[in-house]
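Structure first, then comments.
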Amino acid sequence: MASQQVRVMGTNPKSHQEILGAPGVKGKRVMNNSSTDGVTDFIHSIISTTKQEVKDPFYVLDLGKIVTLMDKWNHSLPSVKPFYAVKCNPEPALLGTLALLGANFDCASKGEIETVLALGVSPDRIVYANPCKSESHIKYAATVGVNLTTFDSIDEVEKMRKFHPKCGLLMRIKAPEDEGARCPLGDKYGALPEEFVPLLEAANAANLVVHGVSFHVGSGATHSRAYRAAIAEAKAIFITAEKLGMAKMHILNIGGGFTLGSQFDDAAITIKNALETYFPDDQELKLISEPGRFFAETAFTLVTDIIGKRVRGELREYYISDGIYGSMNCLLYDHATVTAKPLAYTSNPDDPNCAGLKTYTSTVFGPTCDGLDTLLTNYQLPDLKVNDWLVWPDMGAYTASAGSSFNGFNTSAIPTYLAYSIPN
């Protein structure tokens, strides 16, 4: 996503100036405006002031939302350092803002490491959190000084011994209870209990230092108890390592899976209680985590234009400028649920929000020639026209980052406009 411009909203110039100087944000065009109506008002202004030029999808990233989310994290899990999962959304303005606010980064490839380092982030703020890495990527990590990674197999131990022997290790384990996640990860990554001792012994024999344990309860976890079970298992591994005569472990990586709302609140309480139970008074313990969607999901809004329409009786069918092979890939790969709101500048210019208008059962298709490219069915929308718009909130997690250029519609070309809203 290509960042376009910043519009500042609110009344705290000091915090604004700090954010506007963040890597990935600094130097972008700033449109000052005293409005406090937030991102929706900004979307109106983009469309109304660039009607002739903007006829393609665009994103709005609310930097103020990132500040609020970081405050929420620090209040709820003050002892846990967030290492933002870059794969969730690598927009440079998001990464730079998070870096300025004190977050570190979870990278899974050479490309992601390069992206973070290009923002001026120190390599010691990166965990190479991919348990299975290409040899060339390991060599690159060694060259640039990324010195902490995860592993869950003896083959990975051997690769690290050969290509990055100075790298510290975190043993990635399968979370005992990860079945409640939107996207479970345990079938692909994570050592099983019978593998714990052989892996520790292999690392020790290779003269590699295992600094701690890592787990991931799955992306979009729904059961907070999954964290407690995994923390309990991690504690047992800490004890086992000491019995094997290894150096005392001091890092616990509790992974990701966090979703904003009551699920996050429940998870935070569960995590703190589990830490008090299994790691009481451990002053040397360093707690880290890998949140992705917690920071990215609600900070981005996608805006798409209607490029086609068909009427079949009472059914309205609309074709828009982004779809399943673009930002909406989240419907397939992230099992997401999306919603849309109309902005009817063409069909209802006196009230683009269409308040009180009759709605019709509608279908919304993406722009490609594939019938799979269907985004909404049996959805209620007013009678819209070509060149009206649909606004899609909460579109920052696993959207543009996983899009393609299928059929010539290039997801990476979708621009991102930057806003800074102040919460009411």
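Please read these numbers as outputs of a predicted model, since none were measured by experiment.
Inter-residue side-chain proximity for Ile19 and Ile66 is flagged as unmet; no heavy-atom pair is nearer than 4.5 Å. Put simply, the side chain of Asn207 does not reach to within 4.5 Å of the side chain of Arg161, judged on heavy atoms. Looking only at side-chain heavy atoms (C-beta outward), Val127 and Thr149 stay at 4.5 Å or farther from each other. The shortest side-chain heavy-atom distance between Leu343 and Asn353 falls under the 4.5 Å cut-off. Contact check for Val144 versus Ile126: no side-chain heavy atoms found under the 4.5 Å cut-off. Put simply, the side chain of Leu148 reaches to within 4.5 Å of the side chain of Ile251, judged on heavy atoms. Side chains of Arg293 and Thr259 form a contact here, defined as non-hydrogen atoms less than 4.5 Å apart.
Here the straight-line distance linking atom CD1 of Ile320 with atom CD1 of Ile307 works out to 8.5 Å at 0.5 Å rounding. With rounding to the nearest 0.5 Å, the separation of CG in Asn273 from CZ in Arg228 is 6.5 Å.
For Asp373 (side chain) and Ile324 (main-chain N/O), a donor-acceptor pair under 3.5 Å exists by modelled atom type. Here the side chain of Tyr84 pairs no donor or acceptor atom with the backbone of Leu98 at under 3.5 angstrom. One N or O on the side chain of Asn89 and one on the backbone of Glu91 form a donor-acceptor pair closer than 3.5 Å. Looking only at distances, no side-chain donor or acceptor of Asp106 sits under 3.5 Å from a matching main-chain atom of Glu290. The main-chain N or O of Gly326 is found under 3.5 Å from a side-chain atom of Asn329 such that the two form a donor-acceptor pair. In this structure, Arg125 contributes its side chain and Ala103 its backbone to a donor-acceptor pair below 3.5 Å. Side-chain atoms of Ser321 do not come within 3.5 Å of backbone N or O of Asp56 as any donor-acceptor pair. With Lys81 contributing its side chain and Gly102 its backbone, the two residues share a donor-acceptor pair below 3.5 Å. For the pair Ser401 (side chain) and Pro90 (backbone), a donor-acceptor distance under 3.5 Å is absent. Although no hydrogens or angles enter the test, the distance criterion places no donor-acceptor pair under 3.5 Å between the side chain of Thr361 and the main chain of Leu315.
Nearest heavy-atom pair, Glu233 versus Pro176, reported as atom, atom and distance to 0.1 Å: OE1-CG, 3.3 Å. Minimum interatomic distance between Pro57 and Ile414 (heavy atoms only, all atoms of both residues): O-CG2, 3.6 Å. The two residues Leu117 and Ser122 have their closest heavy-atom pair at CD2-C, 4.4 Å. Among all heavy-atom pairs drawn from Val213 and Ala234, the shortest one is CG1-CB, 3.9 Å. The two residues Val197 and Thr240 make their nearest non-hydrogen contact at CG2-CG2, 3.9 Å. Looking at every heavy atom in both residues, Glu114 comes nearest to Tyr140 through CG-OH, 3.1 Å.
If you check the side chains of Ser362 and Gln380, you find no donor sitting under 3.5 Å from an acceptor. Counting only N and O atoms by type, the side chains of Asp370 and Tyr325 include a donor and acceptor under 3.5 Å apart. In summary, the side chains of Asp322 and Thr304 do not present any donor paired with an acceptor at a separation below 3.5 Å, with no hydrogens or angles considered. Using modelled atom types and a 3.5 Å distance limit, the side chains of Asn147 and His164 yield a donor-acceptor pair. Side-chain N/O atoms of Asp155 and Ser153 include no donor and acceptor closer than 3.5 Å.
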Subject >> Step-by-step side chain to side chain contact (heavy atoms under 4.5 Å, CB included) determination, His137 to Val146 >> reply: CA-CA 11 Å; His137 291 208; Val146 174; over 6 Å; no
Original post:
Given Tyr278 and Phe238, is the ring pair (Phe, Tyr, Trp, His ring centres under 6.0 Å) satisfied, shown in steps?
Top reply: CA-CA 11 Å; Tyr278 298 105; Phe238 274 54; over 10 Å; no
**OP:** Please assess Tyr59 against Ser327 for the test side-chain hydrogen bond (donor to acceptor under 3.5 Å, both in side chains), listing each intermediate value before the final yes or no.
**Re:** CA-CA 10 Å; Tyr59 279 97; Ser327 305; 2.6 Å; yes
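Tyr227 and Phe258 have parallel rings, their planes meeting at less than 30° on a 0 to 90° scale where 60° marks the start of perpendicular. By the 30° and 60° cut-offs, the orientation of the rings of Phe294 relative to Phe264 is tilted. Taking the six-membered ring where tryptophan is involved, the planes of Phe295 and Trp73 are tilted, since the angle between them lies from 30° to 60°.
Taking the charged nitrogens against the carboxylate oxygens, Lys133 and Glu156 do have a contact shorter than 4.0 Å, which makes a salt bridge. A salt bridge links Asp265 to Lys72: at least one charged side-chain nitrogen sits closer than 4.0 Å to a carboxylate oxygen.
Shown are Asp394, Leu94, Asp62, Thr399; of these, the side chain to side chain contact (heavy atoms under 4.5 Å, CB included) with Phe300 is made only by Leu94.
Other residues, nucleotides and ligands place more than 12 heavy atoms under 6.0 Å from the CD atom of Glu194.
In summary, the aromatic rings of Tyr333 and Tyr398 are positioned with their centroids too far apart to meet the 6.0 Å limit.
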